[in-house]
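Structure record follows, encoded as structure tokens.
Letters A, B, ... mirror the listed sequences (proteins, then strands); counts begin at 1.
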There are 2 protein chains.
Amino acid sequence: MANENPSLSERKKLILKAIVEAHIDGGEPVGSKYILQNTLMSCSSATIRNEMAELEQMGYLVQPHTSAGRVPSEAGYRFYVDSLVEQYAKTTHEVVQINHLLKAKMSEIDQILETASRLASSMTNYTGIAIKPKASSVTMSKFELVSIDKKQFAMVMITSSGAVKTKKITTDQPIPDGALLKLSELMNLLLCGLSADMINLPIIMEMENEMGDAAFLVSPAVKCVWEVMSDIDGGELRYSGLNHLLKYPEYSDTQQLGQLLGTLEDQDEILDLVSETEGDDISVVIGSESPVKVMNNSAFVFKPIKKNGRTVGVIGVLGPRRMNYRQVLKTIEEIGGSIAVMFDEEKQLKEGNNRKGDGDGGK
Amino acid sequence: MANENPSLSERKKLILKAIVEAHIDGGEPVGSKYILQNTLMSCSSATIRNEMAELEQMGYLVQPHTSAGRVPSEAGYRFYVDSLVEQYAKTTHEVVQINHLLKAKMSEIDQILETASRLASSMTNYTGIAIKPKASSVTMSKFELVSIDKKQFAMVMITSSGAVKTKKITTDQPIPDGALLKLSELMNLLLCGLSADMINLPIIMEMENEMGDAAFLVSPAVKCVWEVMSDIDGGELRYSGLNHLLKYPEYSDTQQLGQLLGTLEDQDEILDLVSETEGDDISVVIGSESPVKVMNNSAFVFKPIKKNGRTVGVIGVLGPRRMNYRQVLKTIEEIGGSIAVMFDEEKQLKEGNNRKGDGDGGK
DNA sequence: ATTAGCACTTGACCTCAAAGAGTGCTAAAA
DNA sequence: TTTTAGCACTCTTTGAGGTCAAGTGCTAAT
């Protein structure tokens with residue numbers, strides 16, 4: 001297939017590499033003069049031109065038009081990539097961060113909001129937005145430990161708001177018989193009702209003390225609890241269906257679109273905008289009614305999602321100012337309503353339970 | 001604030017509404033003649049022009065330039081939206097679907113892939129892609145039921161691949177004492193090792209028979225199991241960081257960008273492209289090397305994610321053909337490696353366990 | 001084999017005029 | 001007093017023509 005690769009002279013390789021990298025960098029055709037200046041070549045531009053002409057004949061370069069510089073062809077990129085492919089090496093530094101992020105799971109609310117955003121986008125053909133404001137003061141109301149095998153168990157946590165969280169925990173040593181039962185009793189006794197910052201060293205030490213020879217289980221378990229609780233906190237903004245915006249000529253100016261997206265990335269501005277608008281009902285922000293300047297040509301329809309009276313998120317739709325408000329309003333109302341119903345069902349059941357048998361895991 | 005709203009004559013309202021809707025539809029300034037033709041107005045264009053002039057003076061309309069039609073101003077949209085806001089009503093038909101989608105949770109693999117895609121995008125400044133191919137033959141290896149309150153319990157399921165799934169189940173009637181224990185025994189006995197399509201009516205009937213007066217628990221529980229198992233199946237494609245593409249002049253042509261995104265939405269083409277390329281290693285598809293025509297100016301770097309020897313997903317980066325291959329290759333390799341390590345840890349632990357004590361939840 | 005110099009090609013950019021769309025205004029009609 | 005018809009006016013859009021700069025290919029000299 002690519003049989004002539006080895007037949008490239010060293011200088012040709014150097015020139016090809018220089019062209020590819022220059023083009024990657026700048027995006028424009030690169031001329032002989034540019035190469036001369038940006039690489040340490042001991043020859044003139046004419047020589048480079050000759051080599052370039054040959055490289056073009058071989059199929060590695062392409063001229064967009066007669067008097068433009070050269071651009072790498074597919075084969076050119078292919079050669080570059082193939083000769084590069086052995087070179088990359090892991091930078092262990094970044095790997096740690098990757099690992100951390102990968103292991104962080106999505107919370108339940110996150111998932112609902114994400115799905116809602118996706119839904120809103122696909123139903124309206126605009127961009128769906130989901131915002132999770134900074135929540136706080138989550139506590140656990142019940143723990144349950146489920147053995148998976150000798151060295152693994154799952155921790156099931158039920159939060160004060162009734163959400164069920166699962167974490168899988170892996171230990172170095174085999175788990176002694178009965179240790180899980182003991183640990184779960186202990187956690188239900190000591191950790192229920194505590195917010196993340198109330199779990200401190202004395203509590204952990206007491207737990208380790210009580211656990212005896214299975215004390216090694218305490219640290220990872222508590223760490224898990226802590227992670228889950230802090231996972232629930234933290235404001236975030238998700239959007240989906242950006243591609244829909246491209247259909248509208250308002251955003252054919254890539255500049256503006258880029259700015260708008262930048263604003264979305266920033267998050268803070270949108271979060272401000274949303275938190276400014278109080279009330280449970282659906283809101284419509286049109287153009288410069290918002291403090292965000294970039295949104296001059298856009299409109300933003302959104303609705304807070306309440307759970308037990310507290311705002312747990314916002315879902316919405318972002319589109320051109322001339323968006324189909326009728327449809328969007330309907331859709332957001334529907335999705336918001338659906339989520340509210342979901343939460344309401346949970347709430348009613350919990351209240352019913354509180355009235356009948358409170359304090360089953362009491363502290 | 002908007003005090004003069006009621007002072008609009010009926011005809012003005014009608015015209016304003018027509019202009020807003022025409023503009024929503026077409027995106028261009030709308031002239032008097034157009035309105036005359038597209039609404040059933042019994043007057044001439046001159047009359048409409050007069051009204052439009054007045055509406056403009058009132059601030060509801062705006063002329064981009066002297067000889068263009070009118071475009072609704074912010075106030076115009078505001079008036080339209082406000083007068084519309086009471087009108088939207090729920091179409092209960094769609095609500096059902098919304099509910100269904102909202103309640104579907106993300107699987108663990110999904111979350112990892114999603115995070116990976118996000119990571120890849122933010123680390124490379126191109127578009128991150130995560131693909132979950134059609135998986136199959138998931139079975140459950142253990143069930144555990146955890147009571148939440150009188151009418152709610154959580155079902156913890158451990159799949160054959162070791163993933164932990166949780167579903168919360170809400171019942172109409174209070175759950176009899178001991179019923180959960182019985183049900184969990186029954187499920188562990190009858191459902192372990194079965195794939196989704198092997199759970200059939202006879203099994204369910206036997207379970208209901210065994211459960212006696214708590215038979216009402218069986219149906220929702222089995223349904224849940226089934227949902228979780230089919231949630232794990234099904235190919236899907238996620239991408240994130242589309243906005244990064246806007247930075248590159250290759251995609252400043254909104255047309256092309258739109259087509260490319262359309263291809264991504266289609267999913268099938270990309271799924272084909274990926275499944276065609278076999279092997280564990282990182283792949284680079286440059287431009288028209290791929291069968292997808294739209295990708296002429298683009299390149300796609302991806303790597304399959306294996307778990308226990310089976311491909312469970314693909315992560316990758318999509319960008320302009322002149323992407324920074326060095327960086328992208330490195331990043332994908334890193335993320336892929338991190339995921340592999342995560343899976344490997346799980347695998348090793350499971351194997352260690354299998355050797356020592358297999359069949360703890362045996363059937 | 002390399003280099004210097006020059007003619008040549010071609011897209012980018014600017015200007016200008018013609019065309020087209022839609023208005024505002026005025027005067028007549030209802 | 002309100003509506004309508006007609007017409008001049010304004011402003012964008014489009015395409016043609018012309019200049020400019022970039023970068024090449026080629027030839028002749030080193």
Side-chain angles (χ1 to χ4, degrees), chain A residues 7-16 18-20 22-23 25-73 76 249-250 252-254, chain B residues 7-16 18-20 22-23 25-73 76 249-250 252-253 297:
Chain A
S7 71
L8 283 187
S9 73
E10 274 314 304
R11 192 168 64 188
K12 280 203 181 59
K13 285 186 191 171
L14 220 61
I15 291 177
L16 180 53
I19 292 179
V20 169
H23 185 64
D25 200 48
E28 273 166 21
V30 12
S32 53
K33 209 171 145 193
Y34 182 92
I35 290 187
L36 196 62
Q37 286 169 344
N38 288 67
T39 64
L40 304 163
M41 292 225 137
S42 51
C43 61
S44 76
S45 67
T47 311
I48 295 180
R49 277 205 292 280
N50 287 334
E51 295 280 46
M52 278 162 74
E54 284 183 53
L55 279 169
E56 181 173 5
Q57 224 175 357
M58 295 186 200
Y60 293 115
L61 295 179
V62 153
Q63 265 185 316
H65 57 267
T66 320
S67 76
R70 300 308 209 287
V71 162
S73 72
E250 280 85 338
S252 66
D253 181 9
T254 326
Chain B
S7 70
L8 283 187
S9 73
E10 273 315 306
R11 192 169 62 187
K12 281 201 180 60
K13 285 185 191 173
L14 220 61
I15 291 178
L16 180 53
I19 291 180
V20 170
H23 185 64
D25 201 47
E28 273 165 23
V30 12
S32 53
K33 207 170 146 195
Y34 182 92
I35 289 188
L36 195 63
Q37 286 170 346
N38 288 69
T39 63
L40 305 164
M41 294 226 133
S42 52
C43 60
S44 77
S45 66
T47 311
I48 294 181
R49 276 204 293 279
N50 286 335
E51 295 280 44
M52 278 160 75
E54 285 183 52
L55 279 169
E56 181 174 4
Q57 225 174 358
M58 295 184 198
Y60 292 115
L61 294 179
V62 153
Q63 266 184 315
H65 55 266
T66 321
S67 76
R70 301 305 209 288
V71 163
S73 71
E250 280 84 338
S252 64
D253 181 8
N297 286 321

Which of C:dT23, D:dT24, C:dT3 is nearest the side chain of A:Q63? It is D:dT24
Report task. Taking only the side-chain nitrogens and oxygens of B:T66, find out if one of them lies under 4.0 Å from OP1 or OP2 of C:dG24. Result -> no
Rounded to whole Å, the CG-C1' distance (A:L36 to C:dA4) equals 13 Å
Separation of C:dG22 atom P from B:I48 atom CD1, nearest Å, is 13 Å
All heavy atoms of A:P64 vs all of A:V62, minimum pair found to be CD-O, 3.6 Å
Considering only heavy side-chain atoms of B:M52, the closest of C:dT23, C:dT10, C:dT3 is C:dT23
message = Once you apply a heavy-atom cut-off of 4.0 Å, does A:S45 come out as touching a base, just sugar-phosphate, or nothing?
response = nothing
To the nearest angstrom, the CD-C1' distance between A:E51 and D:dG23 comes to 18 Å
Note to self: Under the criterion side chain to side chain contact (heavy atoms under 4.5 Å, CB included), I'd like the reasoning laid out for B:M41 against B:I15: C-alpha separation, chi angles, the key distance, then a yes or no.
What the structure shows: CA-CA 9 Å; B:M41 294 226 133; B:I15 291 178; 3.9 Å; yes
Please check the phosphate of C:dT3 (OP1 and OP2 only) for any side-chain N or O of A:T47 closer than 4.0 Å. yes
Would you check, one step at a time, whether the test side chain to side chain contact (heavy atoms under 4.5 Å, CB included) holds for B:L8 with B:L16? CA-CA 10 Å; B:L8 283 187; B:L16 180 53; 4.2 Å; yes
For this session: Kindly determine whether A:V71 and A:Q63 satisfy side chain to side chain contact (heavy atoms under 4.5 Å, CB included), including the steps that lead there.
Result: CA-CA 6 Å; A:V71 162; A:Q63 265 185 316; over 6 Å; no
Side-chain contact check for B:S67: nearest option of D:dT3, C:dG5, C:dA21 is C:dA21
Tell me whether the side-chain N or O atoms of A:R70 pair up with the base of D:dG25 as donor and acceptor below 3.5 Å, since no angle test is needed here. no
- Message: OP1 or OP2 of C:dC6 versus the side-chain N and O atoms of A:R49: is any pair under 4.0 Å?
- Response: no
Quick note, B:H65 side chain, CB onward, closest among D:dC11, D:dA5, C:dT10 is D:dC11
